[in-house]
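Report on one structure; see the data block that follows.
Throughout, protein chains are lettered first and strands after them, A, B, ... in sequence-line order, and every chain is numbered starting at 1. These numbers come from the heavy atoms of this one structure, side chains and all, not from hydrogens, waters or symmetry mates.
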Number of protein chains: 2
Amino acid sequence: MESKEIIKILRDRGLKVTVQRLATCKYVLARQDHPSADQIYSALKIDYPTISLGTIYKTLSLMKDLHLVQELGFKDGTIRYDPNLNLHINLVCTSCGKIHDYKPENIEVIWKKLLSNLHVKPEGQRVDIYYKCSDCL
Amino acid sequence: MESKEIIKILRDRGLKVTVQRLATCKYVLARQDHPSADQIYSALKIDYPTISLGTIYKTLSLMKDLHLVQELGFKDGTIRYDPNLNLHINLVCTSCGKIHDYKPENIEVIWKKLLSNLHVKPEGQRVDIYYKCSDCL
DNA sequence: GTAACTGCAAACGCTTTGCACTCCC
DNA sequence: GGGAGTGCAAAGCGTTTGCAGTTAC
């Protein structure tokens with residue numbers, strides 16, 4: 001997503017556009033590896049040395065409210081931020097924790113079949129597959 | 001799972017069978033709502049008033065090592081314990097946090113189709129669907 | 001100008017750890 | 001009897017909160 005779009009989303013909600021916010025949004029939305037708050041902090045500190053972890057958490061909470069990201073809790077107690085709200089599979093390496101998205105052909109069709117007898121209205125979903133990535137094998 | 005079986009699993013690994021361990025294992029393995037450590041603690045305190053949360057965490061860690069449960073991290077930072085290691089869907093209420101398992105007909109067949117083009121070896125999976133349960137609607 | 005935002009540090013909640021005491025085998 | 005397990009309390013760690021100072025508008 002371009003800066004222009006992000007700025008519009010923030011302004012439309014009456015939120016102020018700060019360099020910290022814009023940088024955090026741009027970074028998270030561009031990533032497909034679902035970084036943790038700390039990973040985002042480490043990455044942004046290079047270009048924005050005075051940014052604080054607290055501000056990043058506040059921005060992430062904002063992004064959640066704006067439906068720009070989904071939070072994924074993991075068993076090590078950390079939360080990772082996924083900007084892909086569409087149906088997809090998270091391939092999670094059980095050794096290094098790296099994640100990347102996988103979108104099979106026809107996932108929507110197959111998914112619909114899976115839920116055809118489910119008598120509740122889903123608000124969202126999370127699909128993880130655990131494996132060892134090529135670096136960790 | 002019966003006490004007898006649990007005792008065998010523990011003994012086979014050279015682990016001691018204590019009332020606290022047996023109670024924790026029996027409770028978790030009988031549940032389908034994936035309780036948190038604190039929920040297990042509250043439930044067991046009634047019959048075992050001196051049991052401690054620390055012991056429950058240690059037993060849960062043991063059960064994970066014995067492949068009796070899977071840990072599920074959630075975005076509120078809590079971990080819940082799922083004794084169902086087979087392919088299934090966790091129906092998670094976004095209001096009250098209650099979970100129950102759902103196993104569609106032919107889930108294995110459909111799942112296999114979903115992964116037919118995936119060129120990695122899955123070690124396990126997690127499938128959540130978020131919704132509002134009947135009590136929270 | 002002022003209300004919202006930042007950075008810092010303290011607080012918070014869940015989980016893990018350390019240790020003296022206890023109990024299974 | 002001895003080593004593993006328990007209960008308690010302290011420590012650990014990711015996240016949230018509160019507040020004085022700063023900045024977008």
Side-chain angles (χ1 to χ4, degrees), chain A residues 3-4 6-25 27-28 34-45 47-66 69-81 97, chain B residues 3 6-28 34-45 47-66 69-81 97:
Chain A
S3 298
K4 213 197 278 185
I6 299 169
I7 292 171
K8 186 176 181 335
I9 292 169
L10 292 172
R11 291 248 166 88
D12 284 354
R13 284 284 201 114
L15 296 164
K16 289 187 176 169
V17 178
T18 66
V19 285
Q20 296 89 336
R21 258 182 200 172
L22 199 55
T24 305
C25 289
Y27 183 81
V28 176
H34 313 356
S36 65
D38 204 64
Q39 288 169 339
I40 299 164
Y41 178 55
S42 299
L44 293 181
K45 242 189 332 195
D47 288 334
Y48 308 89
T50 68
I51 203 168
S52 75
L53 197 50
T55 296
I56 288 171
Y57 274 112
K58 284 168 191 160
T59 302
L60 289 168
S61 170
L62 212 70
M63 292 179 76
K64 181 183 56 178
D65 296 342
L66 295 170
V69 292
Q70 176 183 20
E71 295 177 325
L72 302 177
F74 283 88
K75 47 189 166 190
D76 62 357
T78 61
I79 295 173
R80 303 183 59 155
Y81 295 86
Chain B
S3 297
I6 299 169
I7 291 171
K8 185 175 180 339
I9 292 169
L10 293 172
R11 291 249 166 88
D12 284 355
R13 285 285 201 110
L15 296 164
K16 288 187 177 166
V17 178
T18 66
V19 284
Q20 295 90 334
R21 259 183 200 171
L22 199 54
T24 305
C25 289
K26 277 181 75 171
Y27 183 81
V28 176
H34 312 356
S36 64
D38 204 63
Q39 288 169 338
I40 299 164
Y41 177 55
S42 298
L44 293 182
K45 243 192 328 199
D47 287 335
Y48 308 88
T50 68
I51 203 169
S52 76
L53 197 49
T55 296
I56 288 172
Y57 274 111
K58 283 168 190 160
T59 302
L60 288 168
S61 170
L62 210 72
M63 292 179 75
K64 182 183 55 178
D65 296 343
L66 295 169
V69 291
Q70 176 183 18
E71 294 178 326
L72 301 177
F74 283 89
K75 48 190 166 189
D76 63 357
T78 61
I79 295 173
R80 303 183 57 155
Y81 295 85

query: Using a cut-off of less than 4.0 Å, is there contact between a side-chain N or O of A/Gln20 and OP1 or OP2 of C/dG7?
result: yes

- request: Check whether any side-chain heavy atom of A/Tyr81 lies under 4.5 Å from a side-chain heavy atom of A/His34, and answer yes or no.
  value: no

message: On a heavy-atom basis, which atom in B/Lys64 and which in B/Val69 lie closest, and how many Å separate them?
response: N-CG2, 3.7 Å

query: Can you give one letter per nucleotide of nucleotides 18-25 of chain D, 5' to 3': B if a protein heavy atom sits under 4.0 Å from the base, S if only from the sugar-phosphate, - if neither?
result: B-----BS

Sugar-phosphate only, base, or nothing, as touched by A/Thr55 at under 4.0 Å among non-hydrogen atoms: base

- prompt: Are OP1 or OP2 of D/dT6 and a side-chain N or O of B/Ser52 less than 4.0 angstrom apart?
  reply: no

task: Round to a whole Å and report the spacing from CG of A/Leu72 to C1' of D/dG14.
output: 16 Å

statement: Assert: residue with more 5' nearest nucleotide on DNA chain D, out of B/Gly14 and B/Tyr41, is B/Gly14

query: On DNA chain D, nearest-nucleotide positions of B/Gly54 versus A/Arg80: which is more 5'?
result: B/Gly54

task: Using a 4.5 Å cut-off on heavy atoms from C-beta on, say whether the side chain of B/Arg21 contacts that of B/Leu15.
output: yes

field: Any side-chain donor near an acceptor of the partner, B/Thr78 and B/Asp76, under 3.5 Å
entry: yes

- prompt: With sugar-phosphate meaning primed atoms plus P, OP1 and OP2, does A/Ser36 contact a base, only sugar-phosphate, or nothing at under 4.0 Å between heavy atoms?
  reply: nothing

- prompt: Just checking A/Ser61: base, sugar-phosphate only, or nothing, at a heavy-atom cut-off of under 4.0 Å?
  reply: nothing

Smallest separation among heavy atoms of B/Ile6 and B/Cys25, with atom names: CG2-CB, 3.8 Å

query: How long is the line joining CD1 of A/Ile79 and P of C/dC12, in whole Å?
result: 19 Å

field: Heavy-atom check, side chain of B/Thr24 versus side chain of B/Ile51, under 4.5 Å
entry: yes

Residue of the set A/Asp65, A/Ile40, A/Ile79 for which side-chain contact (heavy atoms from CB on, under 4.5 Å) holds with A/Leu60: A/Ile40

- request: Please report, rounded to the nearest Å, how far the P atom of C/dC14 is from the CD1 atom of B/Ile40.
  value: 14 Å

query: Within this structure, what is the OH-to-P distance between A/Tyr81 and D/dG14, rounded to whole angstrom?
result: 13 Å

